[in-house]
Amino acid sequence: MATNIQLRQIVKAYGDIQVIHGIDLDIEPGEFTVFVGPSGCGKSTLLRMIAGLEPISGGDLVIDGQRMNDVPAAKRGIAMVFQSYALYPHMNVYQNLAFGLETAKTPKEEIKSRVQRAAEILQIVPLLQRKPKQLSGGQRQRVAIGRAIVREPKIFLFDEPLSNLDAELRVQMRVEIAKLHNDLGNTMIYVTHDQVEAMTMADKIVVLRLGIIEQAGAPLELYNNPKNLFVAGFIGSPKMNFLTAVENGAGLKVAGNVLTLPRAVAGAATLGARPEHITLFEGNGIKLADVRVDLVENLGGQTVVYATTADNQPINIVLEGQRAVELGSTVAAYIDPARIHLFNAEGTAI
Ligand code: ADP
Ligand code: MG
């Protein structure tokens, strides 16, 4: 039976300085939730309050209907995996996995079966007799996750667990953790500053900035309907282009070009267009702007064009496949008007 978590007006202050400003959030049973946001936005603090490693300054933390603010960490049924996983260097993998259970006086047979099961899930059975120094970074991180699994927690929390791994291993472990979630079905919260990790792993992404939630929702909901400039710029890679927009009669003046859009444009101050939604080929939507080609990257599967509008705004374009685009030329950029995002002067989507 998976567990639900409710945050009600959760506040955190260190002395006089408030860093989490009244967070409301519902996490459904079995959901894989990702907290994402720039460094210092409060991801770890929020996770540590849920884990019971950090006192909650205000509001209610409710797990399965029970207020948990004052319940000690060990009694919350939560296991946490950190970025830096301190394994005991003198113990082998089996002993590292068993250690917490031995301390808790779990019967020997029970320890054996739990360690065996965790090792099978993580595919580290052949490594059980090795010492940590005989393991790769990815294998060590697996052992760290194994230590969480053997505790059979109701909730798993991960705080940037892959940040110390190299790029290839990160992708591999990302898939492993997603599989782990599928196999176990537990409620999990995963913290990262990497929006690609968030997009690929999450059932629900919570975008944080400066101690508040900017937007929470399914990955594609955030990609398709970002509520504001911050979320629009944070979710999606490469980043969404932002161009200054000025109302002009019924249309919108952008980079010297007047766009007529099949929607209301009142109050628009910024036009957002994702690089992958812009093309250089006529017949694909409306003309967005004339752009000068500054740089072309031929990636094989895609062609990335770095360009500049007539009024000197940068604009990046990702074309599918291998395309011949002439450096220094000025070309027309097109977009399907349904793909255009508009924001008012406050940065709120309209
Ligand atoms: P993130 O994990 O998103 O990078 P943190 O949760 O670690 O961010 O930090 C959020 C904010 O709280 C930051 O401004 C940080 O400086 C502050 N902070 C974190 N821990 C402490 C502490 N022990 N004392 C004072 N301020 C802290
Ligand atoms: Mg952190």
Side-chain angles (χ1 to χ4, degrees), residues 5-25 27 31-61 63 68-70 72-73 76 78-86 137 140-141 144-145 147-148 153 155-167 169-170 173-174 177 187-202 204-217 219 222 226-237 239:
I5 305 171
Q6 295 164 326
L7 309 186
R8 295 286 176 261
Q9 282 299 303
I10 291 286
V11 170
K12 177 68 187 179
Y14 290 105
D16 291 343
I17 301 169
Q18 189 173 309
V19 296
I20 301 283
H21 309 288
I23 295 239
D24 287 308
L25 182 67
I27 295 174
E31 203 167 47
F32 195 103
T33 299
V34 175
F35 292 170
V36 69
S39 183
C41 69
K43 305 179 295 293
S44 294
T45 303
L46 203 50
L47 208 62
R48 292 170 60 81
M49 285 194 285
I50 294 170
L53 302 174
E54 196 69 71
I56 298 171
S57 309
D60 300 311
L61 167 67
I63 297 179
M68 301 299 273
N69 293 46
D70 304 315
R76 292 191 188 187
I78 293 176
M80 190 153 162
V81 180
F82 299 90
Q83 177 180 344
S84 49
Y85 34 90
R140 277 183 222 150
Q141 189 54 289
I145 295 170
R147 284 202 303 206
I155 299 167
F156 285 84
L157 305 180
F158 297 90
D159 193 354
E160 310 221 22
L162 309 185
S163 295
N164 289 342
L165 305 180
D166 63 44
L169 204 50
R170 281 179 76 115
M173 285 302 295
R174 185 169 98 195
I177 292 175
T187 306
M188 299 189 181
I189 307 177
Y190 185 99
V191 163
T192 179
H193 60 269
D194 179 340
Q195 66 85 30
V196 177
E197 252 171 53
M199 284 299 283
T200 52
M201 299 176 86
K204 173 149 74 203
I205 297 180
V206 178
V207 180
L208 293 160
R209 180 169 65 148
L210 299 173
I212 62 156
I213 294 180
E214 289 283 353
Q215 190 169 0
L222 268 54
K227 276 189 184 162
N228 55 44
L229 278 175
F230 180 78
V231 176
F234 196 82
I235 298 290
S237 175
K239 249 169 81 83

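Every number for a ligand or one of its atoms is a count from 1 in the order of the listing. Quick note: residue numbers are just sequence positions, from 1.
- In terms of polar-atom proximity, L46 is not counted as a contact of ligand 1, lacking any N or O under 3.5 Å from an N or O of the ligand.
- Less than 4.0 angstrom separates atom 16 (O) of ligand 1 from none of the non-hydrogen atoms of the protein.
- Side chain of E197 to main chain of T192: no donor-acceptor pair is present (N/O by atom type, distance under 3.5 Å, no hydrogens or angles).
- For G37, the heavy-atom gap to ligand 1 stays at 4.0 angstrom or more.
- The shortest contact between atom 13 (C) of ligand 1 and any protein heavy atom is with G40 O, 3.5 Å.
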Open item on the list: Does N228 form a side chain to side chain donor-acceptor pair (under 3.5 Å) with E214? I'd like the steps, not just the answer.
Closed with: CA-CA 8 Å; N228 55 44; E214 289 283 353; 2.8 Å; yes
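- Side-chain contact between V196 and R174: present, with at least one pair of heavy atoms (C-beta onward) separated by less than 4.5 Å.
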- [ ] Could you give me the CA-CA distance, side-chain angles and deciding distance for Y190 and L162, then say whether side-chain contact (heavy atoms from CB on, under 4.5 Å) is met?
- [x] CA-CA 11 Å; Y190 185 99; L162 309 185; 3.4 Å; yes
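- Atom-to-atom distance recorded for N164:CG and R170:CZ is 9.0 Å, nearest 0.5 angstrom.
- Between the CG atom of D60 and the CD atom of Q9 there is a distance of 9.5 Å, given to the nearest 0.5 Å.
- Atom CD1 of I27 is separated from atom CD1 of I189 by 3.5 Å, given to the nearest 0.5 angstrom.
- No side-chain heavy atom of I23 sits under 4.5 Å from any side-chain heavy atom of V206.
- One distance of note links CE of M173 with CZ of F158; it measures 8.5 Å at 0.5 Å rounding.
- Summarising the geometry, atom NZ belonging to K204 is positioned 9.5 Å from atom CZ belonging to F35; distances are rounded to the nearest 0.5 Å.
- The distance cut-off of 2.8 Å around the Mg ion (ligand 2) captures these protein N, O or S atoms, sorted by chain and number: S44 OG.
- Among all non-hydrogen protein atoms, the one lying nearest atom 22 (C) of ligand 1 is Y14 CE2, 3.3 Å.
- Ranking the protein heavy atoms by distance from atom 5 (P) of ligand 1 puts T45 OG1, 3.5 Å first.
- Every N/O-N/O distance between V19 and ligand 1 stays at or above 3.5 Å.
- Protein heavy atom in closest approach to atom 7 (O) of ligand 1: S44 CB, 3.9 Å.
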